[in-house]
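Here is the structure we will look at, set down as C-alpha cells.
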Amino acid sequence: MTVELRDPGPQPDTYDPDWVHAKYAFERAKRLRRDGLDQFVEVTAEFSHYADDLYTERTERDPVDDEVQVLVIGAGLGSLIAAVRLREAGFDDIRMVDKAGDVGGTWYWNRYPGAQCDVEAYVYMPLLEELDYIPERKYAFGPEIRKHCVRIAEKYDLYRNSLFQTAVTGMEWDDDAGKWTVTTDRGDTITATVVVVSPGPLSRPKLPGIPGINEFTGHTFHTSRWDYGYTGGGEENWELTGLADKTVGIVGTGATALQCVPHTGRFAEQLYVFQRTPAAVDVRGDHPTDPGFAAGLKPGWQKERIENFTHWTSGAGAEVDLVSDGWTKVSNDLTTPAVLREMARRTEPMTMEDIGEFLYEEDFKSMEAVRAHIADVVDDPETAKALTPWYKRMCKRLSFHDSYLQTFNRDNVTLVDTDGRGIERLTTDGVVVGGTEYKVDALIFATGFEVGTNYTKRAGFDIVGRNGIRLSDKWAKGPRTLHGLQTHDFPNCFFLGYTQSGIAPNYVHTAEERAGHLAYLLGRWRELGGGVIEADQDAEEQWCTAMADSTVVGKQFFLDCTPSYLDSEGDNDNPDSLLVAGYGGGPIAFFDILRQWREAGDMAGVSVSGGAPAAPGR
Ligand code: NDP
C-alpha cells in the first residue's frame, strides 16, 4: 500500500484502510521534527531551578566516609522492592541513597494536583499483603502511594543508614579490593561490596526547547515540582485558591496533564491548555474500594492478581480477568486473544498478512470508540475536533480519565491546539501559537521526562568499571547487559528499571521480577563465597542478540505512529530508545526466561570468583 504524505480529506463513511493509513501517516508527518530528542532542554544550568526540591527543606550534615555491603542508588519503588527482597534474603547491611528528601521516587516528586496511578492500586502498590494494607480506591492517588512507600521503608528498616538529599556523583571499581567507591555531592566516600543502580526510568524532568523559553518572566514550574506556594493548596489539598486571579498556561496533554488540568481549570481565572498531539482519552471508571473486597481475598492474592494483569496486558490472556479495566479490555480487543477468536470464527486459516489487517481494523474500531467518546463529552464541536487523536491505540501509553475532557466545557478553559507543530515561541509574558499571543501569569510544563538518552547522562553520574572502562563508553550505543541486570567489566553492579528486560505496563511487576532475580543472584554469590560476581562477555553478547532480534516487530509497529517518548520522537534506530529496552517477546516470556535460568541452577553466563565464604548477613 502506498501512503502519500498529504491530507487524505474527510473520513469515509465506511472503514477504508487506505484512508486510515494515509491519515495516520499525514498526522505523523506533521508532528515529526528534525531535531528529535534535541528539541528538549535539560533542567541544568540556567534551568536547574526546575529540578529543585520544593517539598523537603535541605538539612546540612557532615560527609560520610564508611563501608556498606549493599548500596542502593535510588529510593523509588524499584529500589524499595529490591531492598525488601534482599532483606528477606538475609542481607542486613543495606544503604539507600537518593537525591530526594525521602523514599518514593516518582511518587516523591510528582505531587501535582490529581496525581494518580493509572494502573489498578491492588496490583501497583507493592507488598500489600506483607503490610496488611488495602488501598482506598481502585486507582490510588499520589499521596496514598507515597505514604505506602514510607510504610515499606519503616517496616523493613530501610531508613537505617540511608542518605537522602544526596546525589551520587561517581562510582569506581577497585579491582584489588573487589569493591566500589561511590562519591556524592555531599562529599561522601562510600565503599560498597555491591551496588544496585536504580535511578528510575522517568526521573529527569525535561522542558521543551521553545524559542524564548528563557525570556518568559512569569511564574513557571514543571509538574514534577508543583509549586503549591504559588497555586495555593497542598499535596493533599487540591484547592488551588492562589490561582483565582491568574491566567495559567499548561503545556502538554500527556498522562500528567490529563490529571492536573481538571484541578487547575477549576481554580484558575483562565486556563489555556497548549496541545501538540491530542491524548486518546478513554473512560476510567475509578471507585472507592468495596468494603467487602478484603474479606474475599486469600493468601497469595496479590501475586496472583499482579501476574494475571500482566498476562492480560501482554496478550497472553488467562481464564479470568481479575482486574477487568481499560488496560485489560484494550489488550483483549487488540492483541493475541482477539486473533485467536477471529481464527476460530473464520473457516479459512489466517495468513500473517490477514492477522496484520485484522488487528489494524480492530485498532481503528477501538480508536473510533475513543473519538466518539470525545465527541460525546465535549460540548463545543471545534474543541472536540481538535481533541480528537489520529494514531493507533498502542502508539502512546493508554490514557484514562473521567474529568479531563469535561474540563474543556468550562467557560474559563481554552484549548489552544498547535496542530502537531508545538508552541511557536514564548514572549516575556505570553505564549505564541499560530501568530496569536496568549498572555499568561504562569506557565506550567507538563512536558514529561528525559527518555532515550544515554543511561549515565540520565543517571547523572558515570560508572568506571574494571581497567578504567567507563559505562558511558561501553553503553555509547545503548545498554549491553545479561538479562538487563549485569554488564561485563562492571562486577558486583546490578541495574534495576527497564534496561533490556521485560517491560510490563505495571512497573511494579517488572520491579518485583528483577528484585527476585537480584536476590537469587546475590544469594548464590554469598553461597559461593562472595567475592566478585560478573556477567560473562559471551552471555552478554547472546542476550544483546536476543534482545535485538526480539524488538524487530515492535520497531515495525511504531513506523506509522505519532512520535513520542516511547519511540525517541520517531527515531526507531536510537539504541537508547525505550522501544528497544523491552524484550520483544513480552514481559511474561522474559520473566519465564529468568525463572528457567534460576531453575537450571548453574548460573550460566555469570561467574563468581575470588571470595572467602561469607558469614550469614554479610
Ligand atoms: P509525556 O511525555 O507523555 O507528555 C509530554 C507532553 O508535552 C506531550 O503532550 C507533548 O506533546 C507535550 N509537549 C512537548 N513539547 C511540546 C512543545 N514544544 N509544544 C507543545 N507541547 C509539547 O509526559 P507526561 O508527564 O504526561 O507522562 C510521562 C509518563 O509518565 C507517562 O507516559 C507515564 O508513563 C508516566 N505517568 C504515569 C502516570 C500513572 O498514572 N502511572 C501518571 C502520569 C505520568 P506530544 O504529545 O506531541 O509529544
Side-chain angles (χ1 to χ4, degrees), residues 27-28 30-33 35-41 77 105-107 109-121 123-125 139-142 145 200-213 222-226 249-261 272-281 284 286 326-327 387 389-391 395-401 404 415-426 431-434 443-452 498 503-508 561-570 578:
E27 294 295 326
R28 171 184 160 92
K30 266 198 304 193
R31 170 62 182 75
L32 259 185
R33 295 171 53 129
D35 50 2
L37 288 178
D38 291 339
Q39 67 182 277
F40 300 107
V41 292
L77 276 175
T106 199
W107 300 107
W109 294 111
N110 285 280
R111 302 191 192 197
Y112 59 82
Q116 188 174 24
C117 183
D118 60 8
V119 171
E120 196 205 54
V123 297
Y124 181 82
M125 288 174 68
Y139 302 96
F141 285 111
I145 306 174
L202 293 156
S203 60
R204 266 166 72 102
K206 69 177 175 354
L207 298 173
I210 301 169
I213 187 163
H222 186 272
T223 45
S224 66
R225 306 292 190 274
W226 192 272
I250 291 185
V251 184
T253 51
T256 299
L258 257 53
Q259 296 179 342
C260 68
V261 158
Y272 293 115
V273 178
F274 296 98
Q275 170 182 273
R276 190 165 63 177
T277 312
V281 189
R284 173 72 299 179
D286 184 20
W327 283 100
L387 284 166
W390 289 101
Y391 46 79
C395 286
K396 280 183 180 265
R397 185 179 166 94
L398 300 181
S399 303
F400 307 96
H401 209 279
Y404 171 75
L415 177 76
V416 182
D417 182 37
T418 68
D419 196 22
R421 293 175 174 93
I423 290 167
E424 243 164 77
R425 64 190 160 88
L426 299 187
V431 180
V432 180
V433 174
L443 198 54
I444 302 171
F445 290 104
T447 45
F449 303 89
E450 193 174 317
V451 184
Y498 281 155
I503 301 184
N506 176 14
Y507 175 67
V508 162
C561 277
T562 186
S564 73
Y565 74 88
L566 289 179
D567 68 346
S568 296
E569 296 294 324
L578 206 52

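Remember, it's 1-based here, ligands and their atoms both numbered in the order they're listed. Values reported hereafter were calculated over all heavy atoms of this structure, with side chains retained and with hydrogens, waters and symmetry mates removed. Quantities reported herein were computed from a predicted structural model and do not represent experimental measurements.
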Does a donor on one side chain and an acceptor on the other come within less than 3.5 Å for Arg31 and Thr562?
no
Does Tyr507 reach the side chain of Pro201, with side-chain heavy atoms less than 4.5 Å apart?
yes
Closest protein heavy atom to atom 37 (C) of ligand 1, given as residue, atom name and distance to 0.1 Å
Arg397 NE, 4.4 Å
One finds that the ligand 1 atoms under 4.0 Å from a non-hydrogen atom of Gln116 are 39 (C), 40 (O), 42 (C)
Sub-4.0 Å heavy-atom approach of Thr418 to ligand 1:
no
Mark up the atoms of ligand 1 that fall under 4.0 Å of a heavy atom belonging to Ala255, in ascending order.
26 (O), 31 (C), 43 (C), 44 (C)
Would you mind checking which non-hydrogen protein atom is closest to atom 4 (O) of ligand 1, with the distance to 0.1 Å?
Gly254 CA, 3.9 Å
I'd like to know if the side chain of Trp327 and the backbone of Asp118 have a donor-acceptor N/O pair within less than 3.5 Å.
yes
Can you sort out which atoms of ligand 1 are near Tyr112, meaning under 4.0 Å from one of its heavy atoms?
42 (C), 43 (C)
Counting non-hydrogen protein atoms only, what is the nearest one to atom 3 (O) of ligand 1? Give residue, atom name and distance.
Tyr565 CE2, 3.7 Å
Of Arg276, Lys206, Arg33, which has the heavy atom at the shortest distance from atom 15 (N) of ligand 1?
Arg276
Would you mind checking which non-hydrogen protein atom is closest to atom 23 (O) of ligand 1, with the distance to 0.1 Å?
Gly448 CA, 3.1 Å
I'd like to know if the side chain of Thr418 reaches the main chain of Gln275, judged simply by a donor and an acceptor atom lying under 3.5 Å from each other, with no hydrogens or angles considered.
yes
Which heavy atom of Ala280 sits nearest to which heavy atom of Tyr391, and what is that distance?
N-OH, 3.2 Å
Considering distance alone, does some N or O of Arg31 sit under 3.5 Å from an N or O of ligand 1?
yes
Taking only non-hydrogen atoms of Tyr391, do any sit less than 4.0 angstrom from ligand 1?
no
Answer side chain, backbone, both or neither: which part of Phe400 comes under 4.0 Å from ligand 1, heavy atoms only.
neither
Please write down residue, atom name and distance for the protein heavy atom closest to atom 30 (O) of ligand 1.
Leu202 CD1, 3.9 Å
Starting from atom 25 (O) of ligand 1, find the nearest protein heavy-atom neighbour and note its residue, name and distance.
Thr256 OG1, 2.6 Å
When only distance counts, is Thr277 in polar contact with ligand 1, meaning an N/O pair under 3.5 Å?
yes
Measure from atom 20 (C) of ligand 1 to every heavy atom in Val251, Thr106, Asn506 and give the option owning the shortest one.
Val251
With heavy-atom distances below 4.0 Å as the criterion, list the atoms of ligand 1 near Phe449.
25 (O)
Could you find the nearest protein heavy atom to atom 12 (C) of ligand 1 and give me its residue, atom name and distance?
Gly252 CA, 3.6 Å
Check whether any N or O atom of Gln39, backbone or side chain, sits under 3.5 Å from an N or O atom of ligand 1, and answer yes or no.
no
Is there a polar contact, in the sense of an N or O pair closer than 3.5 Å, between Gln275 and ligand 1?
no
Do side-chain atoms of Gln116 reach the backbone of Tyr139 as a donor and acceptor pair under 3.5 angstrom?
yes
Does Glu424 use its side chain to pair, donor to acceptor, with the backbone of Gly434 at less than 3.5 Å?
yes
On the 0 to 90° scale, with breaks at 30° and 60°, tag the Tyr272-Phe274 ring pair as parallel, tilted or perpendicular.
tilted
Kindly confirm or rule out an N or O of Trp107 lying under 3.5 angstrom from an N or O of ligand 1.
no
Would a distance-only check, ignoring hydrogens and angles, find a side-chain to backbone donor-acceptor pair under 3.5 Å from Thr256 to Thr447?
no
Against ligand 1, does Ala446 come closer than 4.0 Å with any heavy atom?
yes
Polar side-chain atom of Tyr565 near backbone of Leu578 as donor-acceptor pair, under 3.5 Å
no
Whether Arg33 and Asp35 form a salt bridge (side-chain N of Lys/Arg under 4.0 Å from carboxylate O of Asp/Glu) is what I want to check.
yes
For the residue pair Phe449 and His222, is the inter-centroid distance of their aromatic rings smaller than 6.0 Å?
yes
Under 4.0 Å from any heavy atom of Asp118, which atoms of ligand 1 are there?
39 (C), 40 (O), 41 (N)
Close side-chain approach of Glu120 and Asn506, heavy atoms under 4.5 Å:
no
Just checking, is any N or O donor in the side chain of Tyr112 or Gln259 under 3.5 Å from an acceptor N or O on the other one?
yes
Would you call Lys396 a ligand 1 contact, heavy-atom distance under 4.0 Å?
yes
Mark the output for Val119 as yes if a heavy-atom distance to ligand 1 is under 4.0 Å, and as no if none is.
no
Protein heavy atom at shortest distance from atom 8 (C) of ligand 1:
Thr253 N, 4.0 Å
